[in-house]
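Okay, so here's the structure we're looking at.
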Amino acid sequence: MSAGLKHTAFIGLGSNLGDSLQTVGAAVDVIDADPQIEVTGRSSWYDTSPVGYEAQANFVNGVIKIETSYTPLELLDALNQIEKRFKRERTIHWGPRTLDLDIELYDEETIRTSRLEIPHHEMFNRLFVLEPLEEVYDGNAETARRIHDAITKIQGTQQIRKIEN
Ligand SMILES: Nc1ncnc2c1ncn2[C@@H]1O[C@H](COP(=O)(O)OP(=O)(O)OP(=O)(O)O)[C@@H](O)[C@H]1O
Ligand SMILES: Nc1nc2c(c(=O)[nH]1)N=C(CO)CN2
């Protein structure tokens, strides 16, 4: 690992507009190209039914593990810039998007501000985050257990299918 990349974060990726599988793959490359980020793990990609606003196409979702020297807010800014590069349009709340990048976890921090909530406020309700996260999560045992328990609780209520490794 390069010097200075001393924080670990888990980023959720989602897309349901255009060629989503191509988009999420390209997004991982763009994230990894940032000198302050190194991508050190990637889950499988999943085909997932929309949660929340349901009258939209299925998503491709996955989670990556990164090492970074960014603070949480700097990381949010960097990811927002990358979303913009993929021409994300914010129209309908929880509606279709070319690329959505969420910070699910950052070290073991808890942050609750108007701009940033970590763990992500919906993380434990979303199978499309939890299943891929469990594939790559190698942090503390208590968080691993919370992830696992949440999966057990909501499994079967949301449709997700692994599409590739
Ligand atoms: N952990 C987080 N990761 C990314 N964005 C976050 C996080 N916590 C709060 N936000 C804020 O959420 C704002 C709106 O995000 P966005 O438009 O992507 O919401 P959404 O994707 O429609 O819904 P959701 O946040 O439930 O996934 C962002 O501008 C950001 O400030
Ligand atoms: N399956 C799925 N559903 C969603 C998703 C997503 O990424 N995948 N993102 C949302 C808003 O962030 C709302 N609903």
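Read the numbers this way: they start at 1 and go in the same order the structure lists the ligands and their atoms.
Distances from atom 3 (N) of ligand 1 to the heavy atoms of I103, T113, L116, L75 show the closest one on I103. Among M123, E83, R115, the residue whose heavy atom lies nearest to atom 9 (C) of ligand 1 is R115.
Among the atoms of F59, none of the N or O lies under 3.5 angstrom from an N or O of ligand 2. At under 3.5 Å, not a single nitrogen or oxygen of S114, backbone or side chain, sits near a nitrogen or oxygen of ligand 1.
Here F10 and Y137 bring their ring centres to under 6.0 angstrom of each other.
At a 4.0 Å cut-off, not a single heavy atom of R112 sits close enough to ligand 1 to count as contact. Within the structure, ligand 1 lacks E104 among the residues with a heavy atom less than 4.0 angstrom away. For P50, the heavy-atom gap to ligand 2 drops under 4.0 angstrom.
Residue contacts with ligand 2 for R126 involve side-chain atoms from C-beta outward but no N, CA, C or O (heavy atoms, distance under 4.0 Å). With a 4.0 Å cut-off on non-hydrogen atoms, N58 does not touch ligand 2 at all. Only the side chain of D100 comes within contact range of ligand 2, with a heavy atom under 4.0 Å; no backbone atom does.
In this structure, CG on L13 lies 4.5 Å from CH2 on W45, to the nearest 0.5 angstrom.
A side-chain donor-acceptor contact under 3.5 Å links D32 to the backbone of V39. Checked by atom type and distance alone, the side chain of D107 never pairs as donor or acceptor with a backbone atom of E109 at under 3.5 Å. Between the side chain of D47 and the backbone N or O of K162, no donor-acceptor pair lies under 3.5 Å. In this structure, the side chain of E83 engages the main chain of L101 through a donor-acceptor pair within 3.5 Å. Using modelled atom types, no side-chain atom of E108 and backbone atom of G139 make a donor-acceptor pair closer than 3.5 Å.
Side chains of T68 and E74 form no contact here, defined as non-hydrogen atoms less than 4.5 Å apart.
Among E38, Q36, H7, K6, the one residue that satisfies the side-chain hydrogen bond (donor to acceptor under 3.5 Å, both in side chains) test with S69 is Q36.
Near H121, with a cut-off below 4.0 Å to any heavy atom, the atoms of ligand 1 are 25 (O), 26 (O). Ligand-side atoms of ligand 1 in range of D102: 3 (N), 4 (C), 27 (O), range being under 4.0 angstrom from any heavy atom. For ligand 2 and N61, the ligand atoms under 4.0 Å from any heavy atom of the residue are 1 (N), 2 (C), 6 (C), 7 (O), 8 (N). Near L76, with a cut-off below 4.0 Å to any heavy atom, the atoms of ligand 1 are 4 (C), 5 (N), 31 (O). Interface atoms of ligand 2 facing S49, defined by a heavy-atom separation under 4.0 Å, are 1 (N), 2 (C).
Within a 6.0 Å radius of CZ in R115, more than 12 heavy atoms belonging to other residues, nucleotides or ligands are found.
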